[in-house]
Every structure is written in C-alpha cells, then in structure tokens.
Amino acid sequence: MILGGTPAIYPLARFTDRLAAAGRGVVRVLFDQPVASGWLVTPTLVVVNDFVVGARRGPGPVRCDTGAGDPVEASVAHLAGPANDGRRPALLRLERPLPGTAPLSLDLGTATPGTPVVIVHHPSGMPETQLSLGRMVRLDDGFLHYDADTLTGSSGGPVLGTPDLGVLAMHVSGGPTTNSALPLSAVLDGLREAPHWPEIARLHGLADVAAAREPVVPPSTTPPTAANDALVAAALRWSVDPTELGDADREAVRPLVVDAAARRWSLALDHRQRLLHGAGSLAALRALRHSRPGTEPGSDVVDRILAGPPYDLDALPLDALPRWLQAVRWFDGTLPDLPSPAQVHRTLKRRRVREDLAAVAGPGFRGRTAELALLDGWFAEPQPAPMVLTGIGGIGKSALVARFAELLPPTVPLLWLDFDRVDLAPDDAVSLLTELGTQAGVQLDGFAAPAPDPASWPASASACGAALAAVAPGPVLLVLDGFEIAQHAARHEEIWPVLEGLLASAPALRLLVSGRAPVVNLRLGGQTAVTLRLTGLDPQVAAAWLAERGVTDASVRRQVVEVSRGIPLVLKMAMRLLDAGGSVDDLPSVMVEGYLYHRILDRVVDAELQPVVRDALQLRAVHAEMLAAVLHDRMPPGVEPSALLARLSRELAVVESLDEPEKVGPGVLRLRPEVRSAVLRLLADADPSRVAEVDGRAAAWLAEQASDDSADATELVYHRLRLGDVTGAGTAWREGCAARLTTAAEDLFDPAARQWLLDKLSETSVRLAAWEQDAADRIRTANKRGLARIVPGTLAEHRGRTAESPLVVHDAWVRWQARDPAGAAVVLDEAGPATGPVGRDRTLVRAGLAVDAGDLTTADRLLAGIADEALWPDPLSALAVQAARTRLTVDLEAELALAEMSEGLWTREPAGELVAAIRTRVAPGDVLLPSLGAHVAGLTTLPLHLPERRDELAEFASAVHPRRRRLRDHRPDDAPTGALPMHVERVRELADRLGERGEQRWQLATTTLLLIGLRDRALAAASAPPDPLTLAVVASLAAFRGLPLTIDSRSVRNIDDLLGRVYLRARAIQAEADRSDLAWSITAGEQQRSGARGGTSSPAIRTVLLYVLSPDPLTLLIRRALGLPDDERER
Amino acid sequence: MTHPILRPGPYPFWRDEANLLHRRLFERFADPQVIARLYASCAENLRPLNLGQGPDLVWQQALEELARADLLGRLIEVVTAEGPLGVLAEAIERVRAAPPLVSTRVVTSDVLVLDREPLRDQLGRLGPDANPAKVVLVRGLPKSGKSHGRYLFELAAHDQGADALYLSFGMVTTVEEAVLWLFGNLGAGDDAIPPGDSTTSAWYLKVSLALVRWVRERGKPVWIAVDDLGLAPDGGPLMDEKIKKFFDHLAVQLLNPASRRWLRLMLIHYPDDAPPTGWQQDLWCEERTDEASIGEEDVVTLIRNWASGRSQARMTDDHLRDIATNVLAAAATAAAGPEPQPRLPALHAALVAKLRALEATGS
C-alpha cells in the first residue's frame, strides 16, 4: 500500500550503489582530534563549514581521513569572511587525493517538506562513516531544516536527497526539534567566490550563476525612429530581395522582416509604421522614394499614396484596392488625409458586389435575350412571386443571373448567397442572416441590423428585413445561387422561414433561386414560385459565339452547335478541342469526358482512380469483391481490390464517408447520389454499351450471391431495372428494398421500369421508413456541425415512427435536453426494443436516463445487455460500455463524505465503533481516495498481479474474492440496539454503499476482460495523448487503484504509476485540474487527511484527478451515437 | 501524438537520434545479406535494396523505405530479436525516447517559445492522419503571442516529416497572390493553378483540389500557417477577406481523407466569429493566447531546457528561480517604462539577452 501519495519505493541495488558512492565522498576533518565532517566536491577539494576552519578548533595542521587511518594533510583553500556563522562554506585542499574516495554528485532540484533525506557523517568523530535517516521539514531563514539525527562532529556532513543521493545541503547545526543545513544553492554561492570555482564548475558542469544574476537590460523591441535611409526605403516597398541589399543594409533590415528565411523580405507592420512615421514628413518620404524607386508589383499604389490627396477610392482599379487596404495601414497617422483601412475595405466590398458579377457572367456573355427580358418583367412586377431558375450543370445559370443583376440600375441593392460557399448553409439561419447583413451594410448607408442570434433567429430575420426596408424601400434582388447543393443534402431547414421573415418585413425583396434541380412546391410570401427552365443557347447565338472565337467553317459550327445543344460549358470544351487540333467528330465523347472530368472526376484526388470511379458511378454501393467482379477491366494494374477500395474510401468528393459503417455495412462504400445523378444520363448517352455491360455484370454478380440480405437484393433489383428487366426485378424484390430505392427512379431511363418502381414505392410505410433514414442522416450532419438547434424541427416533419426507427433516440434526446427525462424515457419505452445498432443506441440512451434518475441497477443491467463487442463498430466502444459500468460502481461523493466524517478517528486506540463499522464493510479495493484507502483495513497489502489473459481470470478472482468474503463473514453484529447517533447511522450507510459497489466492481473485474483491456489502452495512452473516448475509458482504471495490482510492463509498476503517466499526457485534464474547484478540494482534502505530499505531483492524486476530470464514457457513447461532437461546442 | 521518428514519412536524418541509430545499425549489421534478411522480415513486398553498396548506404536505403512504409517500429522489433545488441540497444532506446521537436523551447538563439502547452498538445495531435482535427485556429488579443506559435507549428511539421510555410500581412495582398505564393513555394509553375472561369467559390474549390494534388504528387506533406486573418484594433481587416475565405475553403478539403494526409492549416489571428458553417466541429481546434499567461515556472522551464543541451550550464532550482525573477522584473520594467513595450516581446527580449549573457560566461 502506498501511504501518503508519492511512492517511496526504490530499486535496492541502485540505491545501495549510490549509498556506497556517497560514503566515498565524505571525510572526517581533524586537527589533533576529529572535529567535523566534510565532503569532496572535487577529488582534492573538501567542503566544510566556515566555523570549522575559521575558529581553528585545535592546534596543528588540518587533516582529513576517511576514518580508516592515514589522514592526508590539507590547507585552507578558501574562507569567505570573518562571520563564521555557517552561512558560507569553506574549502580545504588535500595534498593528495584520499585513497578510495570520489567527489559527490549534486542534487540541483528542489526539496519539498516531507522528502526523505539522508545525512552521511562522522558524528562525535566516529571513524566509521555513519548514516542517519530523516525527512526535510521546512526551509526558512536560509537554512534547510530536517529531522535526521546528528551529533557534534556531524557539521559539514552532506545532506543527501533520495533516491539519487546527491548533495542537497550541508549540515550546520543541531536544534531541539530539527537540525539545520545550508542548502546547496547557498553552498555554491559561497564556493563561487573561491578561486577554485572554475575547477568545481567544470567538474559538475555548473553555470556561472553570478553572471546570470546580473540585472538584464533587454534591447528595445521597437526599432529606432531615426533610421537610416535604407530602412525607410525598405519600409516603402512591398518586399525587397535581400541579395540586392548591401551587407550593412541587409543586416539592418533583417531583424525587421516578417520571415528572414523567405526569398523576398517584407517588413513587419509595426516596424514599417514606426520607420515611416519617423521619417518626418511626406516631402522626406517622397524624396527618398524618388532616389530609391520601387519596381515590384504594387509600387504604383505606394507612389500614388505618396503623390498626396485627394484619394478617390472609387476611381481606382478594383484589383488595386486590396493593396490599398494594406498600404494605408503602413502610413497610419503619418498622412492625415489618407483613407482608413475600414474605408478601403468598405469600398472594396461595395464595388465587388457589382464588379465581380462581370467575372461570373464572363466577358463573352451572349444571347439569352428572351430569358433576360422575362427576368426584367418579373423584376418590374410590384410584388413578384419567387423565381426559380433551373437547368443542368454548365448551362449558364450563374452567368445569366449575374448578367441580369449586372444590368439592373446601380441603385438596386444586390444580395447574393452562393451555396458553394463554405460559410453559408441553408440550414443555418445565422450564417444566412450574417451574410445578408454584411452585404446590405456595405451597399446601403444607414443599414443597421442586429447581429443574428442563434436562439431567436426568426426575430433576427424579421429585424433584418425591417432594417432593409427602412433604407431600401425600392426593389432589392436576393439571389440564392448553387441551391442544388442544399437540395441534394436535403439541408434547408432554416432558409424558408428566414426568407418568410425577410419578405414579411421587406416585401420589395425579389427572390431568385438558381439550381440544377427544380424546387418543388416552393411558396413564399403567400405566392407560389414560378420556374424558368434554362436550356442551351439559341443555335444562332451559339454559332455566333463560335465564329467570334475563330471557328470560320460554318459546317463545323453547325455540327458543334448541334452536338453541344448550345450548352455553354460544352461549347467551351468544343473550343478547347478545336484549338488543340481535334476533330468535331470527337465532340460527343469529348463532351461527356470533358464534363465528367471538369465537373466530377477532377475532384478525385488520386488521379489513378479516375477511370475506375467513372464506371463505379454506375453502382450505388460497392465493396472489394464487387470491384473485382464488375470493374476488373478498369482497375489499376497490380492493385488488390481491398487496397483499391481503401483508396476509394478516401475520395469523399465521390463516395460517402465511412464513419457510419452501420448505414451500409462494413467495408461497403456508397457513391454520392448527387454526383451519380449528375452523370448517369451522360454516361448512357456517351457509351450505352459500356453502361449496359456494367449494369449486366453487377446484376449477374449480385444474382450469384444467393443472399437473403435485403441490401444485396436491393442492388440486384436496381441493376435489373436499369437493364429494363422488370420481371427479374420482381423476382429479386424483398421486404426492405423499397426503403433503399426511394430516389432510384430518377436513375431509370426505361419508362416501364421506372413506373414499376414508382408503383412499388407508393406504400405509406415505405415512404415513412425512407423519410426516417433521410432525417436521421440530416440530424447527424447537423449535430456534427454544431447545429443541434435544428433537430427538433427535423423530427417534427413527421410524427409517425417505424418499429426500427433510427429517430427514436433523437426524439428521446431532444426531450432529455429540454429537461424532460421522464418524457424521454416514455419515448424509448413506448418505442420498445429494436434490432442492431438502432436497438443498441436506444438502450444506451435509456441507460443514460437511468443514471440521470439515480437508478444505477437498471443502468448497469441495460449496459450489460449491450456490452458484446459484436454490437459495436470497434473494440474501444465496447470497452467503453464496461468502463461506463465500472463508473456506476464508484461513489466519490460517498467516499468524500465518509473520509470527512471519519477524519481523526483512525488513530484512536482501540478503534472505536465508527472505525469498526467502516473496516468491516469497506475493503481498500472499494475506494478511490488514497486517504480513505490507506485507513481501511481488512485486505492484504500484498501485491496482486493484474491478469494478462482470460485464463488468468479465475486465479485472479480466487485471490480477490475470498478476502472479501472473509471480511463480510467477520463483520460483528452491529445492528442497532437502540437509537444510535445520526452520524453513526450515516457512516454505516455510506460504508454499506461503498462495500456493495465495491463488490459489483470486483465482480466485473474478475468475470470480464475489462482490466486487461483498460491496462492495454492505458499503456498506449501513457505514450501518446489519448483521444477523448480513450481517455474516458482509461480513466476508469482508477476505480481499481485501491488494490495493489502490479502491471507487467518494462517500467510501469501499478495503476497509479500508469495513470499518473496518462495524466501527464492529457494536458487538457491538467489545465482543468488547475482551474477546477472540485480538483482543488480533492487535492487539498487528501493532503490534509493523509499528509500526502506533492499535490498534483503525486501519482495517486493524479489518478483520482484523472478519474474525476475525464469525460464520462457513457456520455461520450451517447453523444457519438447521436452524431454529436465529443464536447459541447454549439454554434 | 505520433512518435517523431517511428512514424510514416521520410527517415529523419536531421535528428541526432535517427543518425545514431543508422550508424549503430551499420556497425552492428554490416553484411548486406544480413541487412536484406532483416529488411525482408519487416514486411512482404518491400522494394528491393541495392546490396552492391556499402553497409551504411544499404541501411540508409532500408531506413528510408521502412520509414515511408511506417515500418521502423517493426524493424526495431526484428533487430531486437537478433540477440545482444551492445551499443545498438542504447541507440534504440534513444530513438524510442526521442522527444518531439514540438516540445522545443529554444528554437534558435533568437526565438524562444515559452509555455504554449495546449498548443504543443494540439499540434502533436494534428499529425496522425486518422485524427479528424487538421486545422488550428489561433485567437487572442494583440501582442499576446499569436504569431509566435508558428514556430511550434513549423517544429510539429518537421516532426511529421512535412514542410512548413508561413504567410502573413505584407507578403501578399490578394487571394490570387496568395495562391501564386503557395504554389510557387511548393515548386509548382503558374500553369498548375486552375483558371478562374466560374464563381469565386468554384475557383477556390478547384484551386484547393489542385493544391492537394500537387502536394500529393510532390510526395511530402505541407503544413501551412496563415497569419493576420482577422481584424486590426481599428476594426478594419488586416488582409483582404478573400484570403481568409480561400483558406476556409481549403480547410474543408481536409475533411476528405484523400486530402487530409497532405495538408495541415494553422489560421492565426482568426476572427472571433464562429468558424464557417460547413466545417465539422472535429475538423478544428483552437488556441487562445493570453499576454499574462507566462510566469516564473515557464521561464525556469525554458532556462532548464536551454541548459540541458550544454556542457557547463547546470544550476540549482533556486538559482533558476532567481534568474527567472530577474528576467520577469526586466520585462516588467520595460513594459512600464517611458516607452512602454508589450509584455511578451519585452519578456522575450529580456530572456534572449539573459541567455546570451549566460552563454558569454562560458555556459
């Protein structure tokens, strides 16, 4: 049993070696008689107390020996001064080294009260070197006080720290309760004054601390204001080539640059500002610039600034403004009429609203006259319905909208939400309103909308609309571009209410939605949207466009227009083909290939995979065997199917993440449906025979599997339908197929097959299951992005739930978070059990609710039911279930209460009633707190070996349980014979509870592989910072710290040692320990109760803190099951 | 945190421990046939070694191949099973115990990094490909040490065998310049940059993909630190906000496992607003700097760290504390002087001066 926190257990052989070495460094100092001790700091220099040689304790020469005779004569080499008060050491120089001696090593660390110390000395002049043991008591008045025994003659004996036995201090004098020693730092300060210091410093590698203690005068961190011309000239340039500078100038500039390792040097802003400010005047800067002009890009901006006001930002080229944004900052306060950075920024943003449209529309924008006229008419209506512009990718939707907006009067405010942007999402109202507010703010003077509030965004939307209407009463164009992204992911929960809110307060808003897919049944502001389907350019316009680009042959133009169907992107591809010398006959395949590579396959990072992805897009889901069977002729040579699958799994532009293997099955990749839908028609147009070949191979392979798996059956139905084989699809149809085929009809180009599937899908239950799956996906995505607030809305889209609904856990969670745990439990109980991961997650949440309600028995029973590793995607999650069960057996609150109530009782003799009540109920292994564990008697303190394998469990159990039973059997009959004081009853109650929990804990430890798993994870976590779930799991090992379990590892001894190391790796826990009141009270309480030393430097305390401050495994499992991040970051 | 030597990537010949292991290996196993046998025991289908060269070169090739395949740990197991290893055992122990560079405090004699334990920890966890966190946001008040963290980022990159780039105010002014700068510093020509023939966001996506593909073909990951992405105290942005938006898009690429191996981002002086809505919560972590965070213990730790690499620089803890007090007092004086200096730069300057003074005494 480790008592008091820090284990004081040392390797015997090493300690005895060091002790022997310590003995060789201590000498006896003699005049005519032995008078003191001393120690060797070099082979011939002996450190003694000043009063030993200063007061001349006897006649004759001073000599030293080891107590074994043959003293060697010595001379006083150094004596600091007349004080002789023991505060300065003296040095003796031996005539020659004493045989068998060696200098002592130094202990440079800090001794803390309680540290074991050893003094090696010659008390009373004894010839034989003596040893006294004690502990450091305190440090005050420049002396280290300790409680090892000394006598006259001990003075000068080295006080050594444990376990390395280096010199920590030098004994000076004895006292009634403690002895005093001069600390090593004071000894060294004294020795530093000696002429022999260099010899000592060299031997021990000591620094010249005297020099280091000299006050430091740091150089100023600000550059000189009166700088030379070279520095100011550099400050007027965007960057300089250091090789163009003279040596002196280069060295002067070097400390002022951002990155001296860069090829070109740029001055750091604060240095630049200071140099320019210090130049004195604009005239001085101009003169300097004239003599040293800049030639690098952007020099014109600097020259323009130096030319002086007026500065008309609207007259400057747009692409110069980003340079102005930075350059005006250089002259901050130097040129008073210069615009501020904020003014430049606002101008830049405002001008970009319109001038960037030209880039989107493209310089060669042609035609679309009818569409533009239609949009003009729509815009001119007094209160038009929303306009939806749809068309395939590359048809020119964004270009048309940009051109339309560009042609509007400059007074019309333009608001443009591009859903390709990473900072905008239609399911995140805050992102929408923030961007709208920013865009309105730069275009409309006086626009002021409050910052959107995540908790009340509907009100924010209304406020934004009102602010808009206040400053822009006329028409305002709001464009939602790239809306298909939101549609594909079905993530548009918040945008429609936001738009309703805006339109309600700003009815002049014109809403234009642009996307590949139609927005069905869109109704806003009380009006149903009108749709404009964009097709290819008018043939004449397309031909003219080609002619402008040098396609002089009318027949070629005609052919290109016909094949391209006037699609602008394809026209551009055709131009590239022709420019590269290609033939128009190749255009059909170029069109498909070009589109595929331009829009789809180009996003595949691993270029070698592009051919296989091209065909794989025909499959909805793929695994290694299927790859080999269906796409063998596209696989890169020499690559195994499993390796290919692994490489494919990383290409998230075309496949879905594997982080939810339960959705599609382990080892199965799902191709992204929105990507597939964009290319299937093109593939069919470009190479119908290849398409049929792939579908045929897939169907044949799936049919051979003869599986009852509805997932395989679904894919077989799908590929047969793709081949137009309705009969075959009917044969393969199984229950469960429909839920997986809800969006498949759009992939079917055979009308009969398509209709057959639509008929099959018309049943209500199928629609509900499909919606549930889709909603569960959306909820997980929202949770991952910190948008949990939208989950209730998603759940409310449909009230019904299927028996296997993945939404039930979310229903329960939402209620739980709304402080309705009883309602959450009802949801789960009414839904009943389910199979697979759905059932597992329901149980998990139910267990969490049971814990919340204090029903630990139910929680444990539920968790025990899902502890099987086969139920989990990885072994760590399964181990986390057992860790969660372990945590249910720990009651730290009861331990703290018991420790507090029993404080001061343990040392009474004989043990009182309370002590007996505790000791007969609680075993050391039942408690976490070191102070409590140290006092609880009953079990042996002999180490138990932590089991390595399952077959050692029985032996382990036989070592643990009999002792517990013995404890229980010997419990005295302490049933109350009358009214007991309340605190006695309370102590018994707490002790009973801890004993029962301890029993459960050790049952778990001796019947499962829990301890082995925890140990292995902890060993790994001790060498690398653990992730949150690993940390949560590993910290549970602390529950078993009460028994002396040894761990068979190279350097780890026991649980405290192991978890103490994990603690050092878990920096977030350490930081939390510094902040947490609970951590402080545990540490302080433990120190007070047990006199434990070292606070958080004690492995035992670290173990407890790790347990207390680590995440709860059950909470993490629940959060992960719901797709929530491990911590509670919320947008 | 991945081990700084026993991890996939180039064999770190720039580290003493790795060099020592190489030397001890060719001293202990000099027969090319034995080297080939040990090498082949590490895994199947390894590229064959050129055995017609000296043992040092054979081992060099073997170590490079095994490091790339993340098999150095396996090599140590194989070699250890060969029986008594003599001084090779000590070299193996040194490799095993090699501290990560990111724990360094004295980067150069002019660049010291005190404290920053949370950042060191985060950067250590940024390395493993499997960890979804690939972006570090650094936020804090002016002069609180935000930019200084880039030195740790560079060290962490080197721990992983990656290159590091640093971009800040003054180095580029537009997003186009930033993209040119990135590709240029990675050795790519202008033609590697996709043309901007669509919307800005679409171009960001294309450039991000092209960048990842280029880095991948180059075969060495790159860690990119971008500074000054937020607002100046006057409320205006330091750099054109399109630069920030581009890196916001590039960060999303790191959700893709095919890209995530090749890039890491440190976005310094990142605005206090919520990160882009398209970022998953586990993609990023955050460091908040604090001007007042450095105390005596941090200075003591740094000086001790500095002293540990020197032959005559040992000091007692009491002496270390004296010096730390001295340095902190000097910094406080400078911060309160007639020309007040920010605390952290003043502290850094005082500490650099103190270490120089110690060095001048022969320490």
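Since the model is a prediction, treat every value here as computed from it, not as a measurement. For the numbers below, each heavy atom of this structure counts, side chains included, while hydrogens, waters and symmetry mates do not. Letters A, B, ... mirror the listed sequences (proteins, then strands); counts begin at 1.
- Using a 4.5 Å cut-off between heavy atoms, B/Glu241 contacts chain A through its side chain alone, with no backbone atom that close.
- At a 4.5 Å heavy-atom cutoff, A/Trp265 makes no contact with chain B through either its backbone or its side chain.
- Here the closest heavy-atom approach between residue B/Gly170 and residue A/Ser266 is recorded as O-OG, 3.1 Å.
- A/Arg329 has its side chain within reach of B/Phe169: a pair of non-hydrogen atoms, C-beta onward, lies under 4.5 Å apart.
- No side-chain heavy atom of B/Thr174 sits under 4.5 Å from any side-chain heavy atom of A/Asp319.
- For chain A, the nearby part of B/Arg321 is the side chain; its heavy atoms alone come within less than 4.5 Å.
- Between atom NE2 of residue A/His204 and atom CZ of residue B/Arg314 there is a gap of 8.0 Å, rounded to the nearest 0.5 Å.
- Rounded to the nearest 0.5 angstrom, A/Asp420 CG and B/His249 NE2 are separated by 6.5 Å.
- With hydrogens and angles ignored, the 3.5 Å screen pairs no side-chain donor or acceptor of A/Ser185 with any backbone N or O of B/Asp318.
- For the options B/Asp240, B/Val212, B/Ile303, B/Thr200, heavy-atom pairs under 4.5 Å to chain A are most numerous at B/Asp240.
- Residues B/Asp282 and A/Pro1125 have side chains not in contact (no heavy-atom distance under 4.5 Å, counting atoms from C-beta outward).
- Residue B/Val352: no heavy atom, backbone or side chain, is found under 4.5 Å from chain A.
- Listed for the A/Gln326 side chain is a donor-acceptor partner under 3.5 Å among the backbone atoms of B/Val172.
- Every residue meeting the side chain to side chain donor-acceptor pair (under 3.5 Å) condition with B/His319, not counting sequence neighbours, appears here in chain and number order: A/Asp189, A/Arg213, B/Thr316.
- B/Glu217 is linked by a salt bridge (charged side-chain N to carboxylate O under 4.0 Å, His left out) to nothing, counting only residues two or more places apart in sequence or in another chain.
- If you measure heavy-atom distances from A/Asp332 to chain B, you find no contacts under 4.5 Å at all.
- The candidate with the highest count of non-hydrogen atom pairs below 4.5 Å against chain A, out of B/Ser147, B/Gly236, B/Ser201, B/Pro194, is B/Ser201.
- Rounding to the nearest 0.5 angstrom, the gap separating the CG atom in B/Leu167 from the CG atom in A/Asp259 is 10.0 Å.
- To the nearest 0.5 Å, atoms CE (B/Met239) and CG (A/Leu325) are separated by 10.0 Å.
- Checked for salt-bridge contact, B/Lys143 and A/Asp270 meet the test: a charged N lies under 4.0 Å from a carboxylate O.
- Interatomic distance, B/Leu205 CG to A/Arg421 CZ, rounded to the nearest 0.5 Å: 14.5 Å.
- Using a 4.5 Å cut-off between heavy atoms, B/Leu255 contacts chain A through its backbone alone, with no side-chain atom that close.
- Looking at A/Asp481 and B/Thr199, their side chains come closer than 4.5 Å, going by heavy atoms from C-beta outward.
- Side-chain atoms of B/Met315 and A/Leu206, non-hydrogen and from C-beta on, never get closer than 4.5 Å to each other.
- For a residue to count as touching a neighbouring chain, one of its non-hydrogen atoms must lie under 4.5 Å from one of that chain's; by this rule A/Leu648 does not touch chain B.
- Residue contact with chain B, scored on non-hydrogen atoms closer than 4.5 Å, involves the side chain of A/Leu188 exclusively.
- With a threshold of 4.5 angstrom between heavy atoms, B/Asp322 approaches chain A through side-chain atoms but not through N, CA, C or O.
- The side-chain heavy atoms of A/Leu269 and B/Leu238, taken from C-beta on, include a pair separated by under 4.5 Å.
- A salt bridge links B/Lys245 to A/Asp423: at least one charged side-chain nitrogen sits closer than 4.0 Å to a carboxylate oxygen.
- To the nearest 0.5 angstrom, A/Arg352 atom CZ is 4.0 Å from B/Lys242 atom NZ.
- More than 12 heavy-atom neighbours from other residues, nucleotides or ligands sit within 6.0 angstrom of CZ on B/Arg343.
- Looking at B/Arg150, only its side chain comes within 4.5 Å of chain A, counting heavy atoms on both sides.
- The side-chain heavy atoms of A/Ser340 and B/Asp234, taken from C-beta on, include no pair separated by under 4.5 Å.
- Side chains of A/Arg263 and B/Asn185 form a contact here, defined as non-hydrogen atoms less than 4.5 Å apart.
- Proximity of a side-chain donor or acceptor of A/Arg785 to a complementary backbone N or O of B/Thr277 within less than 3.5 Å is detected.
- Residue A/Arg323 comes nearest to B/Thr173 through the heavy atom pair CG-OG1, 3.3 Å, listed as atom of the first residue, atom of the second, then distance.
- The part of A/Ser431 that comes within reach of chain B is its side chain, from C-beta onward, which places non-hydrogen atoms under 4.5 angstrom from that chain.
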